[in-house]
Amino acid sequence: MSRHLITSAIPYINGIKHLGNLVGSQLPADLFARYQRARGNEVLFLCATDEHGTPAELAAAKAGKPVAEYCAEMWEVQSEIAEGFGLSFDHFGRSSSDQNKKLTQHFAKVLDDAGLIREVSETQMYSHTDGRFLPDRYIEGTCPNCGFDSARGDQCDNCTKQLDPVDLINPHSTISGSTDLEMRETKHLYLRQSAMKDKLEEWIDTREGWPVLTTSIAKKWLNDGDGLQDRGITRDLDWGVPVMRGDQPWPGMEGKVFYVWFDAPIEYIACSQEWVDAGKGSDWERWWRTDKGADDVTYTQFMGKDNVPFHTLSFPATILGSGEPWKLVDYIKSFNYLNYDGGQFSTSRGRGVFMDQALEILPADYWRWWLLANVPETSDSEFTWEQFQSGVNKDLADVLGNFVSRITKFCRSKFGEAVPEGGAFGAQEETLIADLTAKIRAYEGFMEEKEIRKAAQELRGIWVAGNEYLQAAAPWSTFKTDPDLAAAQVRLGLNLIRLYAVLAAPFIPATSEAMLTAMQTDNNDWPDDVNAALTTLPAGHAFTVPDVLFAKITDDQREEWQARFAGVRG
RNA sequence: GGGCCUGUAGCUCAAUUGGUUAGAGCAGAGCGCUCAUAACGCUUUGGUUGCGGGUUCAAGUCCUGCCGGGCCUACCA
């Protein structure tokens, strides 16, 4: 038995996530967690909400609520939707937890003790009207280069020139529109990532089999220009982890908070403390401390490509720099983006299908299957309603759902609702078992390697093999001439349903459960021995014919949804 | 501007890292089956691998120049 620590990038608290967010981290992480559990391995699967930063404060203000209250409510909402999608987190935490505050402050202290933090005095744009310092992106003005009048403080969207807020002509706050801005001096703490460049690079270089996307982004940051830069880890905000040196005040840093990207990854660790404090577990250190039993843990992170620099560099710099024996990540699985109907999903513009809406129109397994089978592993991929409809109808309704339907209904009409007795497996069945064994071993290989599309394809092939067998065996014919033979064939078919439920559970857990329920069994043992797996349900074992597992998506429905989700979210 | 990824059948994607005749699924065509959600099975039509050069016994794969798509570029997260 091996031990797997699995984390999904933590979704930002600001609003409900869309399907692109889901497929880029939480869903593949859940697939892997469910698979490892199914193989009998010990799993700790963690996720949380990322609650700090300017956008959370602004969203709360817009909602007319105190930010703490807003975040608490949004956590509830996200938590409920995650449950709706069957995301099997052992704990869904919050980066604003006390545990994370303490741990973040602890890391700051040990990093400072190690000489890896320096204080920097700099000037930033301050808005009197908004009563806050403005991140560059919240300042707009006229581009000095091309004259575009909505250039952002960091870059002009028209001529793509990189800018500094002071370069802008007539700058104003995008929050209030105010032009009452001034450059004001402020002090911040910087993490001396530059001092850790060699150590980080050596670590990255020894990682094997990581996605190109992961290592190329890390390499770029390590070696671009002057190399890895130091990074500000504090901000002038109200909402966040107060800057403290452990449990002591940090002179000169009063009223400031840590930067969201400093405290967010630390929440992976703090989340396991929350897990224990919530009474769900007993020992978090054996997952995280290599001096306390975490040596044999395999730690896998899942994230969208935008998160890669923070997980390959910033967070490891925090871990390595601490000098403490924390567990480092073993494998980073990163994803490209899922596009929606020719453009991007967009939270800010409300474009695409959001997680709550998806669940309103179809059960989670429809989405889980299609999204995972089309997950953007090698490049950006595209969601279209036509492809979603045909993919779901063909794979789930026709290939899998109909298989369950045809075998259970045939058995009911000829033998009754119990596994029939008589006959024996012959050459045809041996061929099927050999074929399935090869396919299942391949499926396991893809799942271990986190080759998700290939795993989905293999799983579908396993389903198809069942239909091929039925066609060749033709129990509806043999029943007329040799009822015992037909009984053996149907017995095998019913056992295939249980086998399919076990194998498919990581992708479509709810349906898998429904299949086991129909077969009236809770035996979900992994088929290490396929032959044995196909004799699990003995003759005489009662079952029920389940309702249609997957109703097909009709053209009318597709057109309705296409129209409904064509514009922006209201 | 710089960096990275990407372009393969009508569509969505593969191709064991330079090695037989570039493969699957969907869609299309034909046949079969009748247990089943008008479902299933078998067969089959589609490709000058974006375009032009080059290296090599051998290039979808490596080099180079164009053309197109995407992402990142460190104060959004």
Side-chain angles (χ1 to χ4, degrees), chain A residues 9-14 50 52-56 58 122 124-125 133-139 152-155 159-162 164-165 188 193 211-213 215-217 219-221 223-225 228-232 235-236 259-261 264 304-310 313-314 336-337 339 344 347-348 373-374 376-382 384 386-387 389-391 393-414 453-454 456-457 460-461 464 466-477 479 486 489-490 493 547-552:
Chain A
I10 65 178
Y12 198 65
I13 192 71
N14 184 8
D50 177 15
H52 298 137
T54 309
L58 298 180
E122 55 195 7
Q124 283 183 3
M125 200 68 91
F133 282 94
L134 297 175
D136 294 352
R137 296 205 175 190
Y138 288 94
I139 303 159
R152 291 187 321 218
D154 56 339
Q155 186 177 47
C159 68
T160 73
K161 188 178 170 62
Q162 287 188 54
D164 203 272
H188 284 295
Q193 298 186 140
V212 178
L213 187 62
T215 45
S216 67
I217 292 174
K219 286 286 189 180
K220 165 72 160 73
W221 281 55
N223 297 311
D224 190 41
L228 187 61
Q229 299 298 298
D230 294 345
R231 185 158 199 128
R235 292 290 183 275
D236 288 295
Y259 174 43
V260 54
W261 265 115
K305 57 185 165 185
D306 52 333
N307 276 274
V308 170
F310 304 100
L313 302 168
S314 307
N336 287 280
Y337 292 146
N339 289 320
Q344 290 188 340
T347 305
S348 55
N374 295 279
E377 274 173 321
T378 50
S379 62
D380 291 355
S381 66
E382 173 116 346
T384 67
E386 285 84 357
Q387 276 159 28
Q389 178 193 25
S390 77
N393 286 355
K394 196 70 198 171
D395 299 346
L396 297 181
D398 295 346
V399 176
L400 177 63
N402 180 57
F403 174 81
V404 172
S405 191
R406 67 194 295 205
I407 190 74
T408 52
K409 285 181 180 168
F410 179 76
C411 184
R412 179 172 63 186
S413 75
K414 306 299 183 197
R453 283 178 178 233
K454 288 181 180 171
Q457 214 173 356
R460 186 188 190 279
V464 167
N467 281 313
E468 285 170 352
Y469 168 76
L470 278 190
Q471 187 66 27
W476 49 90
S477 294
F479 181 75
Q489 291 167 339
V490 169
D547 293 336
V548 165
L549 292 178
F550 296 100
K552 290 200 194 191

Give one of base, sugar-phosphate or nothing for A:Pro475, where a contact means two heavy atoms less than 4.0 Å apart.
nothing

Taking atom CG of A:Asp136 and atom CD of A:Gln124, what is their separation to the nearest 0.5 Å?
7.5 Å

Stepwise, does the side-chain contact (heavy atoms from CB on, under 4.5 Å) test hold for A:Phe410 with A:Leu470?
CA-CA 11 Å; A:Phe410 179 76; A:Leu470 278 190; over 6 Å; no

Measure the distance from NZ on A:Lys219 to P on B:U73 and round it to the nearest whole Å.
20 Å

Hey, does A:Val548 reach any base, or is it just sugar-phosphate, or nothing, if we go heavy atoms under 4.0 Å?
base

Angle class for the A:Trp261/A:Phe310 ring planes (parallel below 30°, perpendicular above 60°, tilted otherwise)?
parallel

Using a 4.0 Å heavy-atom cut-off, does A:Thr54 contact any base of the nucleic acid, only the sugar-phosphate backbone, or nothing at all?
sugar-phosphate

What I want to check is whether an N or O donor and acceptor connect the side chain of A:Gln124 with the base of B:C75 at under 3.5 Å.
yes

Looking at A:Arg137, does any N or O in its side chain come under 4.0 Å of the phosphate oxygens OP1/OP2 on B:C76?
yes

Identify whether any heavy atom of A:Lys305 sits under 4.0 Å from a base atom; if not, whether one sits that close to sugar-phosphate; answer base, sugar-phosphate or nothing.
sugar-phosphate

Of the candidate nucleotides B:A14, B:C11, B:C13, which contains the atom at the shortest distance from the side chain of A:Ser381?
B:C13

When all nucleic acid strands are considered with a 4.0 Å heavy-atom cut-off, which category describes A:Tyr259: base, sugar-phosphate, or nothing?
base

Does A:Tyr337 make a side-chain N or O approach to OP1 or OP2 of B:C72 shorter than 4.0 Å?
yes

Minimum-distance nucleotide (side-chain atoms of A:Pro135 versus B:C76, B:A77, B:U12):
B:C76

Rounded to whole angstrom, note down the C1' distance from B:U49 over to B:G60.
5 Å

Per atom distances to the A:Gln457 side chain, the nearest of B:A77, B:A24, B:U34 is B:A24

Determine the interatomic distance between C1' on B:G53 and the same-named atom on B:U48; round to the nearest Å.
16 Å

It should be established whether A:Lys454 places a side-chain nitrogen or oxygen under 4.0 Å from OP1 or OP2 of nucleotide B:A24.
no

Using the C1' atom on both, measure B:G7 against B:C51 and round to a whole Å.
11 Å

Which nucleotide sits closest to the side chain of A:Arg235: B:C75, B:C76, B:U12?
B:C75

Going by modelled atom types, is there a donor-acceptor pair between the base of B:A36 and the side chain of A:Asn402 at under 3.5 Å?
yes

Interatomic distance, A:Tyr469 OH vs B:C33 C1' [rounded to whole Å]
16 Å

Looking at side-chain heavy atoms only, is the closest gap between A:Val464 and A:Val399 below 4.5 Å?
yes

Indicate syn or anti for B:G52, taking the glycosidic torsion and treating anything within 90° of 0 as syn.
anti

What's the CG-P distance between A:Leu470 and B:U37, to the nearest Å?
14 Å

Closest-nucleotide 5' rank along RNA chain B - winner of A:Leu134 and A:Glu468:
A:Glu468

With heavy atoms under 4.0 Å as the rule, sort A:Val464 into base, sugar-phosphate or nothing.
sugar-phosphate

The side chain of A:Arg231 is closest to which nucleotide in this list: B:C35, B:U37, B:A74?
B:A74

Interatomic spacing from CG in A:Asp164 to CE in A:Met125 - rounded to 0.5 Å
8.0 Å

Distance, P atom - from B:C57 to B:U73, rounded to whole angstrom
45 Å

A:Ile407 CD1 to B:U37 C1', straight-line distance once rounded to whole Å
16 Å

Under the rule syn = chi within 90° of 0, otherwise anti, which is B:U17?
syn

Tell me the closest heavy-atom pair linking A:Asn467 and A:Phe403, and the distance in Å.
OD1-CD1, 3.5 Å

With rounding to the nearest 0.5 angstrom, report the CH2 to CZ distance, A:Trp221 to A:Arg231.
5.0 Å

Side chain of A:Asp398 only, heavy atoms from C-beta on: which candidate in B:C76, B:A39, B:U34 is closest?
B:A39

Nearest to the side chain of A:Arg460, heavy atoms from C-beta on, is which of B:C26, B:A77, B:U37?
B:C26

Separation of A:Met125 atom CE from B:C76 atom C1', in whole Å?
17 Å

Base, sugar-phosphate alone, or nothing: which one does A:Gln229 contact when heavy atoms must sit under 4.0 Å apart?
base

Just to be sure I understand: a Watson-Crick pair is purine N1 to pyrimidine N3 plus N6-O4 or O6-N4, both under 3.5 Å. Using that and G-U wobbles, which stems of three or more pairs involve RNA chain B?
B:1-7 with B:67-73, B:10-13 with B:23-26, B:28-32 with B:40-44, B:50-54 with B:62-66

Base, sugar-phosphate alone, or nothing: which one does A:Asp50 contact when heavy atoms must sit under 4.0 Å apart?
sugar-phosphate

B:C71 versus B:C31 - spacing of their P atoms, nearest Å
47 Å

Provide, to the nearest angstrom, the distance between the CG atom belonging to A:Asp154 and the P atom belonging to B:C72.
12 Å

Say you pick atom P in B:G50 and the same atom in B:C40; how far apart are they, in whole Å?
33 Å

Gap between atoms CD1 and C1', on A:Ile139 and B:C76 respectively (whole Å)
12 Å

Planes under 30° and centres closer than 5.5 Å, is that true for A:Phe410 with the base of B:C35?
no

Selection from B:A74, B:G41, B:U12 that lies nearest to any side-chain heavy atom of A:Trp221:
B:A74

Between B:C35, B:A39, B:C13, which nucleotide gets closest to the side-chain atoms of A:Arg453?
B:C13

Candidate list A:Lys552, A:Arg460, A:Arg406, test salt bridge (charged side-chain N to carboxylate O under 4.0 Å, His left out), partner A:Asp398, passing option:
A:Lys552

B:A22 and B:A58: how far apart are their C1' atoms, nearest whole angstrom?
15 Å

Comparing A:Ser216 and A:Lys414 on RNA chain B - which has the more 5′ nearest nucleotide
A:Ser216

Atom P, compared across B:G25 and B:G69: separation rounded to whole Å
32 Å

Could you tell me whether the phosphate oxygens of B:C40, OP1 or OP2, come under 4.0 Å of any side-chain nitrogen or oxygen in A:Lys409?
no

For A:Gly401, which contact category applies under a 4.0 Å heavy-atom criterion: base, sugar-phosphate, or nothing?
base

Taking atom P of B:C13 as reference, at what distance in whole Å does atom CG of A:Asn374 sit?
7 Å

Answer yes or no: side-chain N or O of A:Glu122 and base N or O of B:C75 forming a donor-acceptor pair under 3.5 Å.
yes

Describe the nucleic acid contact of A:Phe550 in one word from base, sugar-phosphate, nothing, applying a heavy-atom distance below 4.0 Å.
base

Which nucleotide wins on minimum distance to the side chain of A:Gln387, given the candidates B:A36, B:U12, B:C26?
B:U12

Within the structure shown, what part of the strands sits under 4.0 Å from A:Lys552 by heavy-atom distance: base, sugar-phosphate, or nothing?
base

Say you draw a straight line from NZ of A:Lys454 to CD of A:Glu377; how long is it, rounded to the nearest 0.5 Å?
8.5 Å

